[in-house]
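Remarks on the structure that follows.
Note that the coordinates shown come from a computational prediction; the quantities given were computed from them, not determined experimentally. We name chains A, B, ... by the order of the sequence lines, and we start the count at 1 in each one.
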Amino acid sequence: MFAACLPTRIITNHCFFASLTMLSLDKLTKQYKTGDLALNDIYLEIPDGQVMALIGPSGAGKSTLIRCVNRLVEPTSGSICLNETELSSLSQGELRRARRRMGMIFQEYALVERLSVMENVLSGRLGYVSFWRSYFRNFPQTDVDEAYRLLARVGLDHMADKRADELSGGQRQRVGICRALIQNPELLLVDEPTASLDPKTSRQIMRLICELCKERKLSAIINIHDVFLAQMFAERIVGLQLGEIVYDGPPDGLTPDVLTTIYGEEDWESTIEKVKEEDFEEKRKDSTSLASGK
Amino acid sequence: MSAIRIWKRPPFIKRAWLRWSLTIGGSLFLLVAIGTMDVNWQRVAAGVPRAERFISSFFPPDFASKSSDIWEGIFESLWMTVVSTVIGILLSIPIGLGAARNLAPRPIYLFFRGVLAVSRTFPEIIIALFAVKLFGFGPFAGIIALSIGSIGFYGKLLAEDIEDMDPVQAEAVKSTGSSWLQWLNYSVQPQVTPRMIGLAMYRFDINFRESAVLGIVGAGGIGATLLTTFDRYEFSSSASILLIIIGIVMAVEYSSGYIRKWVQ
């Protein structure tokens, strides 16, 4: 680990940053062909095991940021360093291997609708198996066991052979979570996980993602436009506005002034009140469920 | 109290002069075109009883007297159809992948779009004329013609279906670290397969009907037999051939509807 920091070793795909940092972005810039500057000189470090919420208005560059990390969008310039691997300069083959280490969860679930739940979950292992094994759906038994274990963890093991388009929104997002986790990732990239879900399911899905991150000691970047959800579940909030970081701090540091810098002028007092109430509700629910021995 | 605000749907063509000149010009053109169509009503009137006689000479259809020729032609048409549909589809898969804008880099895309455009330019019967000149009379020439026709049809529709697919599903599979072939197999193929199976059935149907025409230029199939019966005024045999063609086309139509529902 420390060898990576020695100047002689930096020449290869190694980064400066010590092992406590899972992901670090340095001077990351993305300019689209249309000329829009989606990300402007972003510097961001995510420590090992941290769940970070990225908030900001639509068009602030949240989606671009997480897509630059796994290079679904090619950054224009800057460095992306995942646990000592510099991602921005990888070749196609190396990039595929690096993508296995980053699980991604999508806004509209992004399940392949005509494939079964099991095939969708196992598609998370594609980076690890040969083409013919995946073509004949002949995955190693350990992968199948892990898929069943994950589906059971999210309460969907009885649905394995259903087609993905037969499931409800919340169920689909659980399958999406399983697909990301079966990659055995170090980092989760989560893009608006609750945007198409109802409030109750949104909370359940956010709670599930955060619990799973704790269980597996994963770091996560969660793009979310819902400020209360971000405050309820994340340890750290980063606010993005027009491609620049305008807030980086704890959830309770989101004062009306801060929200105004991120989103613009609006009556934020009532929003903050509501978060406090919801927090209280959550805690009460947790304590009652603990009391009933659930 | 505010004035009444009248609302009208905004016109499709905003500029009034352009709208009116297109409307008037279009109607004038249509009138002139109809005017130049020289319909000789006496000939039409004379044709009607002739058509009656012609149609009545088709009845009763005679399946028996030329049955060996008829069935030989039908089977030749059928296997030409099967072989050319399979060859055409197999070849159009790589071509279609290359001609999809969201899959192929620009130069490859343009090249395969060119291939598709060329194979769609000529109707099957003209390709068959060339093929007969090159390879001689017989079903081989017909198979070549139908395969090329199938590539133009199937490759274009495959490419367009791939371009219309949901990019997010494809992105999700790519983000797992899959290879390109795995990505095709897990995200593109499931999205396009049902429609492509339906189109394969439809192309089979087209190829069978075309194979009945290709015989006229000597490229094999039932067409040659049909033409012979016409030339010899054996209309009751022609009728039986037409009935068999109709029957087969209907059978394909019915089963393709069923299969499409089943694969959806």
Side-chain angles (χ1 to χ4, degrees), chain A residues 63 66-67 69-73 90 92-116 119-137 163-165 172 175-176 179-185 188-189 191-192, chain B residues 89-90 93-94 96-98 100-110 157-158 160-201 256 258-264:
Chain A
S63 242
I66 66 165
R67 280 173 169 73
V69 173
N70 62 5
R71 283 178 56 194
L72 286 175
V73 167
L90 297 182
Q92 279 304 314
E94 290 169 326
L95 176 62
R96 279 209 302 275
R97 278 189 292 280
R99 275 181 181 156
R100 304 190 304 201
R101 296 160 56 194
M102 296 175 276
M104 191 159 175
I105 296 169
F106 293 81
Q107 175 169 4
E108 303 271 355
Y109 333 119
L111 300 182
V112 181
E113 300 207 331
R114 288 204 185 88
L115 294 183
S116 68
E119 282 170 306
N120 268 293
V121 175
L122 286 172
S123 70
R125 295 301 292 177
L126 285 177
Y128 296 91
V129 300
S130 71
F131 172 72
W132 290 112
R133 285 202 90 155
S134 67
Y135 183 81
F136 291 111
R137 309 305 197 244
R163 242 169 65 158
D165 54 6
R172 287 186 203 199
V175 176
R179 173 174 64 188
L181 288 178
I182 203 172
Q183 285 177 237
N184 204 8
L188 276 185
L189 302 169
D191 190 15
E192 299 283 4
Chain B
I89 288 174
L90 287 181
I93 288 171
L97 290 173
R101 194 175 325 176
N102 48 355
L103 251 62
R106 191 99 184 134
I108 296 180
Y109 163 75
L110 290 174
L157 291 170
L158 174 62
E160 264 152 32
D161 213 32
I162 292 174
E163 285 172 358
D164 285 344
M165 76 176 177
D166 176 12
V168 187
Q169 295 180 34
E171 201 179 36
V173 174
K174 192 183 267 179
S175 76
T176 65
S178 60
S179 69
W180 192 74
L181 282 177
Q182 286 174 326
W183 175 71
L184 277 186
N185 181 228
Y186 273 76
S187 71
V188 181
Q189 192 187 327
Q191 292 195 58
V192 302
T193 304
R195 188 169 136 78
M196 292 331 281
I197 288 176
L199 285 170
M201 297 295 291
S256 83
Y258 182 78
I259 288 174
R260 246 177 292 184
K261 225 173 278 164
W262 178 64
V263 293
Q264 193 53 55

query: chain B heavy atoms under 4.5 Å from A/Arg125: which part of the residue, side chain, backbone, both or neither?
result: neither
- prompt: At their closest point, which heavy atom of A/Arg96 faces which heavy atom of B/Ser178, and how far apart are they?
  reply: CD-O, 2.9 Å
- prompt: Out of A/Gly176, A/Ser134, A/Ala180, which one racks up the most heavy-atom pairs below 4.5 Å with chain B?
  reply: A/Ser134
field: chain B contact via A/Tyr135 - which portion, at a heavy-atom distance below 4.5 Å
entry: both
field: Segment of A/Arg71 engaging chain B (4.5 angstrom heavy-atom cut-off)
entry: neither
query: Given a strict heavy-atom distance threshold of 4.5 Å, which part of A/Arg163 is in contact with chain B: side chain, backbone, both, or neither?
result: side chain
field: Separation of B/Thr176 OG1 from A/Leu122 CG (nearest 0.5 Å)
entry: 11.0 Å
query: Taking the side chain from B/Glu171 and the backbone from A/Ala110, do they hold a donor-acceptor pair closer than 3.5 Å?
result: no
- prompt: Counting heavy-atom pairs under 4.5 Å to chain A, which of B/Val173, B/Val168, B/Thr193, B/Leu181 comes out on top?
  reply: B/Leu181
message: Show every side chain to side chain donor-acceptor pair (under 3.5 Å) that has at least one partner inside residues 103-115 of chain A, sequence neighbours left out.
response: A/Glu113-A/Arg172
Shortest non-hydrogen contact from B/Gln169 toward A/Val112: OE1-CA, 3.3 Å
query: Does A/Leu126 offer a backbone N or O that forms a donor-acceptor pair with the side chain of B/Tyr186 under 3.5 Å?
result: no
- prompt: A/Leu111 versus chain B, heavy atoms under 4.5 Å apart: side chain, backbone, both or neither?
  reply: backbone
- request: Begin with the C-alpha distance, continue with both residues' side-chain angles, and end with the deciding distance and a verdict on side-chain contact (heavy atoms from CB on, under 4.5 Å) for A/Met102 and B/Ser175.
  value: CA-CA 8 Å; A/Met102 296 175 276; B/Ser175 76; over 6 Å; no
query: Would a 4.5 Å heavy-atom cut-off, applied to side chains only, mark B/Gln189 and A/Leu115 as touching?
result: no
- prompt: Residue by residue, which of residues 101-110 of chain B have a heavy atom closer than 4.5 Å to a heavy atom belonging to chain A?
  reply: none
- prompt: B/Lys174 and A/Leu72: which non-hydrogen atoms are nearest, and at how many Å?
  reply: CD-CD2, 3.9 Å
